[in-house]
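Take a look at the structure below.
Everything numeric in this text was worked out from a predicted model, so none of it was measured. Lettering of chains follows the sequences in order, A, B, ..., and the numbering in each one begins at 1.
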Amino acid sequence: MLDKHYDPKKVEEGKYERWVNAGYFKAGQDKSKPPFSLVIPPPNVTGKLHLGHAMNTTYEDIIARYKRMKGYDVLWLPGMDHAGIATQAKVEAKLREQGISRYDLGREGFLKKAWEWKDEYAASIHEQWKKMGLSLDYSRERFTLDEGLSKAVKHVFVTLYQEGLIYQGERITNWDPELRTALSNIEIVHQDDPGDFFYFRYDIVDSNDSIVVATTRPETMFGDTAVFVNPKDPRYQKYIGKQVINPANGEKLPLMADSYVDMKFGTGAMKCTPAHDPNDFALAKKYGFPFIKVLDETAHMNEKCGPYQGMDRYECRKALVEKIKAEGHLIKIEKIVHSVGHSERSGAVVEPMLSKQWFVKMKPLADAVLAYQKTQGKVEFLPKRFEKVLLRWMSNIEDWCISRQLWWGHRIPAYYNKETGEVLVSETAPDPKLYRQDEDVLDTWFSSALWPFATMGWPDTTSPDYQRYFPTSVMVTAYDIIFFWVSRMVFDSLHFTGKAPFQKVIIHGLVRDEQGRKMSKSLGNGIDPLDVIDRYGVDALRYFITTNAAPGMDMRYSDAKVASAQAYLNKIWNACRYVEGVLGEDYTPRPLEKKKLGTLDRYLVDHLERTIKKVGAKMDEYQFGQASSTLYDFVYDDFCSSYLEFSKISLAHGGEEAAVTKDVLYWTIKDIILMIYPYAPFVSEEMYLSLPGHLDSIMLETYPVYERKLLDKKASDQVAILLAMIKDIRNYKSSHGIAPNAKVKLAVSPREPFAGSGEYLTRFAFASSYEIRPEALEGSPFLYPGCEMVVEEDVDPEVLRKRLSEQQDSLHFEIARSEKILSNPGFLQKAPKAKVEAEQTKLAQNKAMLVTLEEKLHSLQK
RNA sequence: GGAUGCUUAGCUCAGCGGGAGAGCAUCGCCCUUACAAGGCGGGGGUCACAGGUUCGAACCCUGUAGCAUCCACCA
């Protein structure tokens with residue numbers, strides 16, 4: 001027997017362990033079932049899981065649990081990401097607190113610390129997965145740095161190298177001077193920062209003239225090789241080909257012309273620093289200038305900078321500007337706000353810098369994706385619009401810098417001959433006496449990109465899991481990770497397996513705080529899922545977080561809505577408790593037979609079937625919000641507020657009528673529990689196990705099946721009239737200041753909505769008397785299609801007349817509306833037949849009601 | 001500069017071609033034995049604005065405004 005109150009803590013206790021021990025989450029136990037697979041987006045081992053993870057994994061769990069009930073052999077594969085740069089930044093920060101740097105520990109020692117960190121956070125992530133109730137197959141858990149993934153990473157690297165799609169090159173890359181590594185474009189966060197725009201005067205050699213050049217980064221002037229103007233610029237044409245003096249170091253620079261220069265920007269004259277700016281780099285290549293690096297890997301000035309050597313870039317900037325000012329070459333300093341790139345992980349201002357890195361040549365890989373997305377089998381995005389995000393990125397792609405000067409990650413399988421320096425790229429390490437391995441590791445996303453197939457045993461394509469579960473069925477992820485991850489999985493998978501890694505990508509939004517702000521550490525507005533679970537239970541959190549936003553839309557966290565989710569679950573809980581009490585110990589479920597059902601049963605079953613159909617359809621479309629609200633309406637309106645209340649009467653009748661009522665109650669509550677189950681597995685399991693004839697777990701049940709033959713529109717229409725009558729009486733009492741439970745005399749004419757409805761009306765409207773009369777009635781009337789109901793009380797004729805005349809107005813309005821629509825030839829011709837008929841029926845009913853109403857008004861006026 | 005999304009009840013949001021919905025808030029009445037974490041009944045909306053398509057538009061198209069996000073550029 002269920003407890004009187006739904007206590008989430010009590011309900012959740014012990015269930016997860018039981019599920020895991022019973023092996024319910026394990027895939028491949030019945031291979032006669034069709035496979036359905038998905039892999040978890042591996043969380044970073046950098047910290048605790050937040051509400052975003054809770055949302056993402058709950059969607060996945062709903063899908064996994066739903067598909068299992070629909071008869072699939074579901075594999076939901078868990079795992080975590082080593083998150084190279086993110087984790088290394090965290091571990092370094094922790095060491096820094098102890099006054100240690102990674103260089104003090106050395107590579108080996110540092111990696112030991114990193115693995116300790118990983119173990120600690122992996123344990124905490126496991127604990128959270130358990131709390132969330134995720135039905136993951138732990139027997140297949142993977143880690144991006146494990147042996148299998150490492151093998152796959154090497155294989156991919158070597159293959160791409162051999163195919164000429166990986167190369168080493170000296171390029172301008174984004175350099176994080178704090179973590180001392182190169183970054184890829186998408187690891188840079190641009191933000192608008194205030195800054196200074198310095199205008200300097202450059203004297204022209206052998207002339208008294210000068211030109212003014214503006215820059216935001218004076219410290220890079222030691223690396224300048226030229227000044228550029230636009231060839232069409234009338235201000236400077238006469239100086240083109242001359243030389244100017246660099247005010248930073250007095251060196252002569254050529255004054256060149258190139259149409260790249262924007263005449264309207266700054267002074268129209270631009271300094272060129274080939275080693276510290278990607279555009280200048282391109283210009284330098286074009287004109288054959290040297291590349292002079294002036295910064296070291298920690299963004300301190302190097303030996304090229306004379307007296308400024310050893311200074312930090314900002315100290316140098318300040319000192320240099322002072323010097324130039326003192327020498328009279330500073331024209332002005334303009335305050336500007338400009339977009340500055342910061343490292344996503346360290347927050348440091350990124351320095352564009354020339355360095356030798358490994359790159360993936362993206363064009364061929366991206367083109368393959370673009371071509372694939374034009375085929376039938378393309379990866380389908382839900383919602384559709386997110387496909388454009390992928391396509392746009394793929395069409396404007398630049399080569400991917402994959403080497404990182406870090407230690408935590410997959411070490412690049414490139415080896416240098418100690419004597420010749422020649423590069424050897426190989427999956428197996430050559431003799432260490434002859435070769436030394438490249439010091440760098442790969443970008444984390446290089447391994448994450450292989451996740452859907454490498455976790456299934458690839459590159460061994462004969463692996464049973466790869467054969468059975470790859471390609472995966474769906475991928476669920478937030479929109480902010482489409483570039484980083486989704487796109488890379490797609491191109492690697494297409495290239496290496498010849499297949500897309502998943503059929504569908506289900507994109508969801510982000511969870512924001514109650515004010516709509518992004519949750520962040522600096523704002524301190526993050527909400528810990530464990531706190532929410534503690535207060536409302538995990539089922540309420542799961543329900544809230546997956547049903548309160550349309551697909552792909554952000555949502556705000558709201559305590560009130562989690563509480564409301566809990567109240568809903570409590571509602572079902574109590575309905576279940578009622579049914580359980582009604583059924584008693586010795587009830588044995590019987591299948592529903594339509595011919596045995598009464599009108600009320602037919603109405604409820606009709607609505608139940610329609611609900612099953614719609615909820616199932618929405619679940620199949622991954623429209624979890626719509627599925628849940630369809631069920632919600634049925635639970636409240638049809639089941640709890642109507643049928644459950646009516647059942648109190650039919651049960652009292654006893655006999656076969658009561659027995660049928662029990663059957664209907666049983667099947668309905670069971671189907672409700674089964675439909676809410678993917679959202680709220682813990683409380684569903686508890687309720688399910690309290691029902692007669694249950695299996696060992698709700699996890700063994702099948703999803704409710706829509707049965708068309710149980711539909712009954714006639715019964716639904718009849719009961720709708722009864723419901724309207726009850727509501728009208730309640731409203732009548734409320735608006736006339738009559739106590740709800742005060743008795744009134746009721747009569748209907750010429751017949752009831754359906755045989756036996758009077759008893760229900762009497763009870764729920766608190767009637768003191770109830771009669772069916774064939775003749776027209778005196779008193780305060782309510783009109784329905786095919787019948788009327790009267791309250792036979794002494795009512796002020798004025799009040800009555802007013803109410804009748806309001807009703808008359810509304811009928812007139814309705815009739816006019818119907819007539820207008822039906823007199824439109826276009827409507828009759830083009831609208832669906834059912835619509836036209838429904839409108840005609842409505843018009844006829846309203847007209848009949850109006851006739852009755854006007855007779856009443858007339859007799860009242862006499 | 002380019003792209004995408006949003007604008008619906010006091011607040012937070014669903015709905016996205018056939019008569020405006022939910023939660024919370026609000027007002028009134030009820031401790032009626034499943035549920036007071038509740039029940040019953042109400043009030044509250046020219047669905048941003050302007051055009052267009054359609055028999056019919058909150059919903060489709062075009063434009064405008066405001067807000068948000070992403071990408072690119074910024075010497």
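- Closest-nucleotide positions on RNA chain B for Gly826(A) and Ala831(A) were compared, and the one nearer the 5' end corresponds to Ala831(A).
- Comparing rG38(B), rA34(B), rG18(B) by their closest approach to the side chain of Tyr578(A) singles out rA34(B).
- The distance between atom NZ of Lys743(A) and atom C1' of rU32(B), rounded to the nearest whole Å, is 11 Å.
- No contact: Asp277(A) has no heavy atom under 4.0 Å from any strand.
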N/O-N/O pairs, protein side and nucleotides 8-13 of chain B side, under 3.5 Å:
from    : atom 1 : to        : atom 2 : distance (Å)
rU12(B) : O3'    : Arg556(A) : NE     : 3.1
rU12(B) : O2     : Lys561(A) : NZ     : 2.8
rC13(B) : OP1    : Arg556(A) : NE     : 2.6

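- Taking side-chain N and O atoms only, Lys648(A) has a distance below 4.0 Å to OP1 or OP2 of rA34(B).
- Backbone-only contact: Phe483(A) has heavy atoms under 4.0 Å from sugar-phosphate atoms and none from a base.
- Contact annotation for Tyr568(A): no contact, since no heavy-atom pair falls under 4.0 Å across all strands.
- Across all strands, Tyr260(A) comes closer than 4.0 Å only to sugar-phosphate atoms, never to a base (heavy-atom distances).
- In this structure, Tyr479(A) places its OH atom 14 Å from C1' of rC71(B), rounding to the nearest Å.
- Using a 4.0 Å heavy-atom criterion, one finds that Tyr632(A) contacts the sugar-phosphate atoms exclusively.
- Scanning for ring pair (Phe, Tyr, Trp, His ring centres under 6.0 Å) contacts around Trp393(A) gives Phe483(A), with sequence neighbours left out.
- For RNA chain B, if you chain together Watson-Crick or G-U pairs that step i with j, i+1 with j-1 and so on, the runs of at least three with distances under 3.5 Å are B:1-7 with B:65-71, B:10-13 with B:21-24, B:26-30 with B:38-42, B:48-52 with B:60-64.
- No N or O donor and acceptor, one from the side chain of Lys835(A) and one from the base of rG19(B), sit under 3.5 Å apart.
- The nearest whole Å value for the distance from the CG atom in Asp480(A) to the C1' atom in rC71(B) is 14 Å.
- Ring to ring, Tyr622(A) and Tyr59(A) are not that close: their centroids are 6.0 angstrom or more apart.
- In this pair, Phe782(A) and Tyr732(A) present their aromatic rings perpendicular. The plane angle is above 60°, beyond the 30 to 60° band.
- Whole-Å rounding puts the Lys4(A) NZ to rA37(B) C1' distance at 12 Å.
- Contacts of Arg817(A) with the nucleic acid, taken as non-hydrogen atoms under 4.0 Å apart, include base atoms.
- Within the 4.0 angstrom heavy-atom criterion, only backbone atoms of the sugar-phosphate kind lie near Thr216(A); the bases stay farther away.
- Looking at Leu354(A) and His276(A), their side chains never come closer than 4.5 Å, going by heavy atoms from C-beta outward.
- By the 6.0 Å and 45° rule, Lys648(A) stacks over the aromatic ring of Tyr578(A).
- Using a 4.0 Å heavy-atom distance criterion, Pro825(A) is classed as making no nucleic acid contact.
- Atom-to-atom, CD1 of Ile507(A) to P of rU4(B) comes out at 17 Å; the value is rounded to the nearest Å.
- For the segment residues 535-546 of chain A, the set of residues with a heavy atom within less than 4.0 Å of an atom of RNA chain B is empty.
- Here the P atom of nucleotide rU69(B) and the CZ atom of Phe386(A) are 15 Å apart, to the nearest Å.
- Among the heavy atoms of the strands lying under 4.0 Å from Val261(A) is at least one base atom, whether or not backbone atoms are also near.
- Put simply, the side chain of Ser823(A) gets close to the backbone of Lys820(A): a donor and an acceptor are under 3.5 Å apart.
- Across all strands, Ile336(A) comes closer than 4.0 Å to no nucleic acid atom at all (heavy-atom distances).
- Looking at heavy-atom distances under 4.0 Å, Gln515(A) makes no contact with the nucleic acid at all.
- Using a 4.0 Å heavy-atom distance criterion, Lys264(A) is classed as making no nucleic acid contact.
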One character per nucleotide, please: for nucleotides 39-45 of chain B, 5' to 3', B when the base has a protein heavy atom closer than 4.0 Å, S when only the sugar-phosphate does, - otherwise.
SSSS---
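- Position along RNA chain B of the nearest nucleotide to Asn741(A) versus His190(A) favours Asn741(A) as the more 5'-ward residue.
- Each of rA75(B), rA37(B), rC71(B) was ranked by its minimum atom distance to the side chain of Arg392(A); first place goes to rC71(B).
- No engagement by Ser629(A) is indicated, since no non-hydrogen atom pair under 4.0 Å with the nucleic acid exists.
- In summary, Lys271(A) and Asp280(A) do not engage in a salt bridge, as defined by a charged side-chain N under 4.0 Å from a carboxylate O.
- Residue contacts shown for Cys576(A) are absent, as no nucleic acid heavy atom lies under 4.0 Å away.
- With distances taken from any side-chain atom of Asn574(A) to the nucleotides rG19(B), rC74(B), rA34(B), the minimum falls on rA34(B).
- Residues that satisfy the salt bridge (Lys or Arg N to Asp or Glu O under 4.0 Å) test with Asp513(A), not counting sequence neighbours, are Arg517(A).
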